[in-house]
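Contents: one structure, followed by commentary.
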Protein chains: 4
Amino acid sequence: MIKAGIVGATGYAGNEIVRLLINRKDVELVRLCSRSYAGEAYAGIYQNYRALTDLECQEEDMELLAEEADVIFTATPQGYCASRINKDILSKARVIDLSADFRIKDIREYERWYGIVHQAPELVDEAVYGLCEINREQIRQARLVANPGCYPTCSTLAVYPLVKEGLIDPDTIIIDAKSGVTGAGRGAKTDNLYCEVNESMKAYGVASHRHTPEIEDQIGYACGRKVRISFTPHLAPMNRGILVTAYASLKEGVRAEQIREAYGKYYDKETFVRVLPEGICPQTKWVEGSNYVDVNAVVDSRTNRVIMMGALDNLVKGAAGQAVQNMNLMFGLQEWEGLRMAPMFP
Amino acid sequence: MIKAGIVGATGYAGNEIVRLLINRKDVELVRLCSRSYAGEAYAGIYQNYRALTDLECQEEDMELLAEEADVIFTATPQGYCASRINKDILSKARVIDLSADFRIKDIREYERWYGIVHQAPELVDEAVYGLCEINREQIRQARLVANPGCYPTCSTLAVYPLVKEGLIDPDTIIIDAKSGVTGAGRGAKTDNLYCEVNESMKAYGVASHRHTPEIEDQIGYACGRKVRISFTPHLAPMNRGILVTAYASLKEGVRAEQIREAYGKYYDKETFVRVLPEGICPQTKWVEGSNYVDVNAVVDSRTNRVIMMGALDNLVKGAAGQAVQNMNLMFGLQEWEGLRMAPMFP
Amino acid sequence: MIKAGIVGATGYAGNEIVRLLINRKDVELVRLCSRSYAGEAYAGIYQNYRALTDLECQEEDMELLAEEADVIFTATPQGYCASRINKDILSKARVIDLSADFRIKDIREYERWYGIVHQAPELVDEAVYGLCEINREQIRQARLVANPGCYPTCSTLAVYPLVKEGLIDPDTIIIDAKSGVTGAGRGAKTDNLYCEVNESMKAYGVASHRHTPEIEDQIGYACGRKVRISFTPHLAPMNRGILVTAYASLKEGVRAEQIREAYGKYYDKETFVRVLPEGICPQTKWVEGSNYVDVNAVVDSRTNRVIMMGALDNLVKGAAGQAVQNMNLMFGLQEWEGLRMAPMFP
Amino acid sequence: MIKAGIVGATGYAGNEIVRLLINRKDVELVRLCSRSYAGEAYAGIYQNYRALTDLECQEEDMELLAEEADVIFTATPQGYCASRINKDILSKARVIDLSADFRIKDIREYERWYGIVHQAPELVDEAVYGLCEINREQIRQARLVANPGCYPTCSTLAVYPLVKEGLIDPDTIIIDAKSGVTGAGRGAKTDNLYCEVNESMKAYGVASHRHTPEIEDQIGYACGRKVRISFTPHLAPMNRGILVTAYASLKEGVRAEQIREAYGKYYDKETFVRVLPEGICPQTKWVEGSNYVDVNAVVDSRTNRVIMMGALDNLVKGAAGQAVQNMNLMFGLQEWEGLRMAPMFP
C-alpha cells in the first residue's frame, strides 16, 4: 500500500489526483493539504466526492507529510515546492512536483521567466523531468520528479519523433496551442468568470508564456542543441483539453512515409500515446478524462511544411494523470495502473 | 467471465455501455451490433476507443447474440426489442432492454403513449422494471429487465421516499426536469445541431412526454393507487446530466425532520444514492460520468410544499450505468462492480 | 436630446444600458459611474466598445449626476439607490432604479427579504413599478421607476393574463425558472467561474429567493388579493436568457381556447410580448439580445393544469431593455425607440 | 428604397442578412428564397423573427428576383450562383454572391480546389472581390461582388498592412484560425451535433482547406507576387466568431514601431477595423454580433517573428455584414449604414 499526500489538494490538478487515486486498492490517500480550506471536509468543497471520502483538508506541512506519506504530490503555485523541500524530506518520501520549480535545468532561465528566486537550486540537478515516454528509466530511480506542464507535454509529444529523427528544422517550429479553462486554475478572477470566457476565443501570453523555455528545453534535448521556438497559447470555451497544432519546415528530401514511421518508432509500444490513422485529426473530446495523448501529422507538399497535432486532457496526461504515471514508475508498479479508463465521450 | 453483446452499440447509450464494460476483467464484449455502421471499426466511429478495442460493428442479430452472449443489452429505438425477443432467446441469454418496450405493464397505455403495437405482450409480465434501489430482489432473478428511462430514474428516486412514507399528496406532484443534449440521441437532426441548442433553454413534450406514464406507474406503486402527475422536460445546453426539481404539497402536520428521515430510511444503505447535507442542492456536474444520484429536499413552510431535487448522469445512472448495475445483480456480482468511479469535476 | 447617466456602469446590466443607448441619436451618455473602475476608460473594461466611446468611468455622485443628466439609471446593489436618492435629486432628474429598492411597497417585507433597513421609505409610494405592459400610464408620469427584476418580469408576463382573467387558481402557482449566468453578476466569485458552472444545472435560493415577494405582489395585484407562490430559480450554462415554466390548476370549466384568448386580450397590441403559435414552446435563444418576451401555454387536460412558459433576455427585457423602455415612456418617446433590433440567432 | 432579395435565406448567413436588413428604413426585403423551406413562413423557421416579418419562403428563381429586386444576395452552396447568373440578370440587378464562385480569378485554380466546373467563367473578370477596406472604389462601381470568405476576411485584414509595407516575409506566413460552429452551416450532419462538438477542439481541412487559395490571392496582390502560405482552420465550441493567429518572420531590421505604424496607416480611418492598444489581444466575444474586426500584433524579438491576430464575427463581417457593407457601397450609401451596432457582450 502506497501512502500518498497532496499539497494544494483543492486546486483543479490536486482534485484530479484525488479522482485518480480514490478508488485504488494499492494507494491510500493519507492527507489532503489546502491553505484556503484547512479544516473543511474535502467532499464539501468538491461535492463530487460525497460518499467517497471523509477526509478533511489540513494545513500544509511538508515535514509532517514526509513522515506519513511515501509520496507527496505538490500541486501548488510556482515557488512553493522549492521553498519547502530539502534533502531530509527527500530521504523520507518521494516528491512529485506539479509546478515548474524543477522543470528547467538552467536556474537563471527559470528565474527570468518566472520572476522568482529559486529556493532550492541544489536540488535541480537531481530532479527528473517526468515525461514518462521519454525519461522512463530515470523516473524509476527518481526521488524528485518535475511533472511536466500541460502545454509542454502535449507539444513535446507531438513534435518529438520528428525532431529526434532529424526530419524537421527545429528553428522553424511554431506551436499554436488551445486550452480549456481548467488550465487557468480555480482562482476567483473576473477574467475566468463563465460569462467572460464562454463563447469566446483569445490568445494570451503571446511571445511571453512561461511554458516556452520548458518546451524549448525538451526540443533542444531531442536535437542536441539549443533552439528557439514560437509558442502561442489560446483559451477555448471548454472545461478540459489541450489541442496543439505545430508547424515546421521539412528537411530536404523528407517524404511523408518517414513522418509516419518516426511516430511509429517512438510510440507504437506506448500505452498512452495513440498515433491516429492517416487523415484523422486529434480532437480533445476523444481523450477527455483519460491519460491518452492522440497525435498525428499532415505533410503539406505545397509549402514543404508538416503540421503536427496533439490532443490531451490537461488535467490528466497534462497534470494529475502523468503525476500518477510517474508515481507508478517510481514505485515499480505497472505504468498504466489505475490509468486505463476509457475517455468519456460525449 | 460474462459474455456481453450490445444491440444499438453506436448510439450514445450503447457507447456508454462499452465505456463501462471495456476495462472489466469479469466481462467480455463479444459483439457490438449497429444497423448503420455494420462492417466499420467501432473505434473509427467512437474515436475515444482507439487502442482500446478492435471490435467491428456487426449487423443486428438477436438469435446469434443469444448463442454467443450471456447478456444482451438492447440500446435501440422503441419497438425493436419487443419485435425481436422471444422465449427461446430468453432461455439462452439475459436481456436488458434500454428502450421503453417492457417498462409499462399496461400494454394499452404503452401503445397509446408510444403509438406502436406491442410485438411481445406475452413477455411484459415477466419483465422486471430495473430500478435497482427499489426492485433489487426481483432483478436478481430476472431474465428480462426493462431498464428505466433517464427521467423516470431521476424523478422516481427523488420523490419515492416521500410518497412511500405518505408525507406528500401524490396528486400534487409536479416534476420539472432539465436534461443535457445526449438525451436527444445521436440522430442527425437540425434541432440537435450545436448552434440550435447552444446558449438556449426550452421545454419540449409539454404535457405529452412519453416518460410521464412510466413515472406515474412508479409513484403509483409507491402509494398504492393510480396517480396523475405533471411532467415537463427541458433541454439544457450541456452534454450530460438530468436535474429534476419536483414539487408537492405536504400532508397535514408533516415536519421537515420527517422528510430527511424518509430519505435516510430508504437511501442510507444505498451505494449510488447520495442524500446531500441540508441546504446543499444537487448539481448535475457533481455526478457526471458516474452512477451516483444526488437527492435533497427543501421544505417551504410559506406554501406548505416540499421541493425535491435529484441529479444524475443520464447516460450512466439514467441508462448504461443502471443497465450494468442490473447486469451485476442478475449475475450475482457485487452491485457496484465496475461502477464506483468518482464523478469527474470539472 | 436626452442626457443619460449610469451608476454601476461596469456591471453587466449597466454595460447593457450602454449598448442600447450608445448609438441613439436622441440620447447622450453624459456620465458612466463605477466605484471599482473610476478613472479607467470604459472601453478598456468592456472592450466591445473600442472605437464607440471615449468615456471614462467616474466616481459615483448622484448629486452631480442630477445636475448633468435628465435621467439616471442606477444599476447598483440593493440599498445603494435608496441611500443616495432624495426629493432634491428627483426634482432635477428622473431616476430608473434597476435594484429592488423601490419594487416592493411593503417596506417591512422588503427589509425582511433583503436584510437591509430601507433608507428612503418616504419615496416608496411615489415609485412606479416599471413593468411597461402593465403600468404604462403611471410610468409616463413617474419621476422614480423601480425597474422590475429579471425573474419577476418573465414570471409575471407569463402568468398575468390567466390570473387577471380568473382562469387559474393563484394559490396553485408554481414557477420553475432557469437563468443564464449573467444573472449572477460580474463579481469575482469561485461559484461563477467558467469551470464551476459550465456543463451543469442546479437550483439555488430554493424557497428563499428574493424575487419571490416581488412576483407575489404582481400576481396579487392581478387577482386582487395576497397570494403565496412557489418560486425556484436555476442556473443554466449559458450567458443570457431566462426561461420560466409555470404551473397552475385551471379553475373549473376553463377551456383551452379561453387561455389563448386571455393572452391575446392583453398582448395582441404589445410590441414586445409575442404570444407564440399553438404548440410552439418559447426558447431563450429566440429572444437573445432583444427586448422581446415570448410566451405560450399548454393545457394538460389529464391533470387539469396549465403549463405557462415565458422566455426573455435577462439583460434586455429583464433589465437594461426594460429600463430603456421605461425611459422612452417617461420622456414621451415611442416606447420601442432603439429597442426593435431583431433577436440574434444563433 | 432599395429592394433586396436573398437566395439561400434559410442558411445561417442568409438568416443573418435578414437580421441586418429587417429594420432598415431604406431597404425592403422583397423575397426570401429557400429550396428546402419554400412555402413556409420564414418566422416559423427562424422563430426569432416572430412579429418582425410575415414573409414566406419562396422557390429559388434568379430571373424573377432580377425583375423584383435591386440587389440579390446569393447565400448558396458553391456553384449555384455561377450556374444561375448571366449578363441579363446583371443588367437588371446587382448581385452579391456569398459563395466562392467569383472570388478566385484563376478559373483552373477554382476548379481544382472546389472540384466544380465553373459555369460562368465569362463573368469572373468583371466580379469585384468585396473586401471593402481594400477594394472600396471598385466595389462602388460593381454589378457583381464576390463577398469574401470568413477566414480570408479575417486572415487578410490581420496580415495585409505588414505584407503591403514589406515588413514581413510572405513565404513564412502561417495562419492558424479558430472558428465557431455556425461556420459549418445548418446542414443536419452528425459531425455538427451539439454533443459531437461541444467541449472539444479540432483542426480540420489541414493543408487542404478551400479558403487557402483565396487568402494566397489576397496576400499575393499585396506583395505583388504569387505566394504559398500554410492555413489551418479549427472548430471551436462556440456559436460565432473567428480568431486568426498568424505568424511570419520579420524582414531584417524591422522594428516593432513600424508594425504599429503600418496598421495605423491602413486602418486609422476605417470604421470597422479596430487596431487594439498595445498588449491587448483580440477576443471573438468583443466583436460578436457586430461588423467590427479587431486586430493587433506582437513582435517576438527572440524568434524575430511577429504574431498577428484578428477577430471577427464570421456571420457578420465574415459574411452577411460585409455583404451589406458592399451593398451600401454599391448603392452610394454611407458604408456603415445599418452596421454600427455595438458588439454584444457577454
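Throughout, protein chains are lettered first and strands after them, A, B, ... in sequence-line order, and every chain is numbered starting at 1.
Within 6.0 Å of CZ in A:Arg225 there are more than 12 heavy atoms belonging to other residues, nucleotides or ligands. Heavy atoms from other residues, nucleotides or ligands lying under 6.0 Å from NZ of D:Lys189 number 12 at most.
Ranked by non-hydrogen atom pairs under 4.5 Å with chain A, the options D:Ile174, D:Val298, D:Asn239 are led by D:Ile174. Heavy-atom pairs under 4.5 Å with chain D peak, among A:Pro346, A:Ser208, A:Ser230, at A:Ser230. When A:Gly241, A:Pro237, A:Cys281 are compared by the number of non-hydrogen pairs under 4.5 Å with chain D, A:Pro237 comes out ahead.
Residues of residues 255-263 of chain A placed with any heavy atom under 4.5 Å of a heavy atom in chain D are absent; none qualify. Below 4.5 Å, heavy atoms of chain A meet heavy atoms from D:Pro282, D:Gln283, D:Thr284, D:Lys285, D:Glu288, all part of residues 282-290 of chain D.
Heavy atoms of A:Thr212 lying under 4.5 Å from chain D belong exclusively to its side chain. Both the backbone and the side chain of D:Arg302 come within contact range of chain A, each with at least one heavy atom under 4.5 Å from a heavy atom of that chain. There is no contact between A:Leu235 and chain D, counting heavy-atom distances below 4.5 Å. With a 4.5 angstrom heavy-atom cutoff, D:Ala311 does not touch chain A via any of its atoms. If you measure heavy-atom distances from D:Met309 to chain A, the contacts under 4.5 Å come from the side chain alone. For D:Phe345, the part lying near chain A is the side chain, with the backbone staying farther off; criterion is any non-hydrogen pair under 4.5 Å. In this structure, chain A has no heavy atom under 4.5 Å from any part of D:Ile242. Proximity to chain A (any heavy atom under 4.5 Å) is restricted, for D:Ile173, to the backbone atoms N, CA, C and O. Neither the backbone nor the side chain of D:Ser301 comes within less than 4.5 Å of any heavy atom in chain A.
Between A:Ile229 and D:Thr303, the shortest heavy-atom distance links the atoms O-CG2, 3.4 Å. Summarising the geometry of A:Tyr247 relative to D:Ile175, their closest heavy-atom pair is OH-O, 4.1 Å, with the distance given to 0.1 Å. Scanning both residues, D:Ile307 and A:Ala207, for their nearest heavy atoms gives CD1-CB, 4.3 Å.
Rounded to the nearest 0.5 angstrom, A:Lys202 NZ and D:Ile280 CD1 are separated by 10.0 Å.
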Q: Please lay out, stage by stage, how D:His234 and A:Met201 fare under the test side-chain contact (heavy atoms from CB on, under 4.5 Å).
A: CA-CA 11 Å; D:His234 296 76; A:Met201 285 286 306; over 6 Å; no
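The shortest distance between side-chain heavy atoms of D:Glu199 and A:Met344 does not fall below 4.5 Å.
The pair A:Lys178-D:Asp176 meets the salt-bridge criterion, with a side-chain N (NZ, NE, NH1 or NH2) lying under 4.0 Å from an Asp/Glu carboxylate O.
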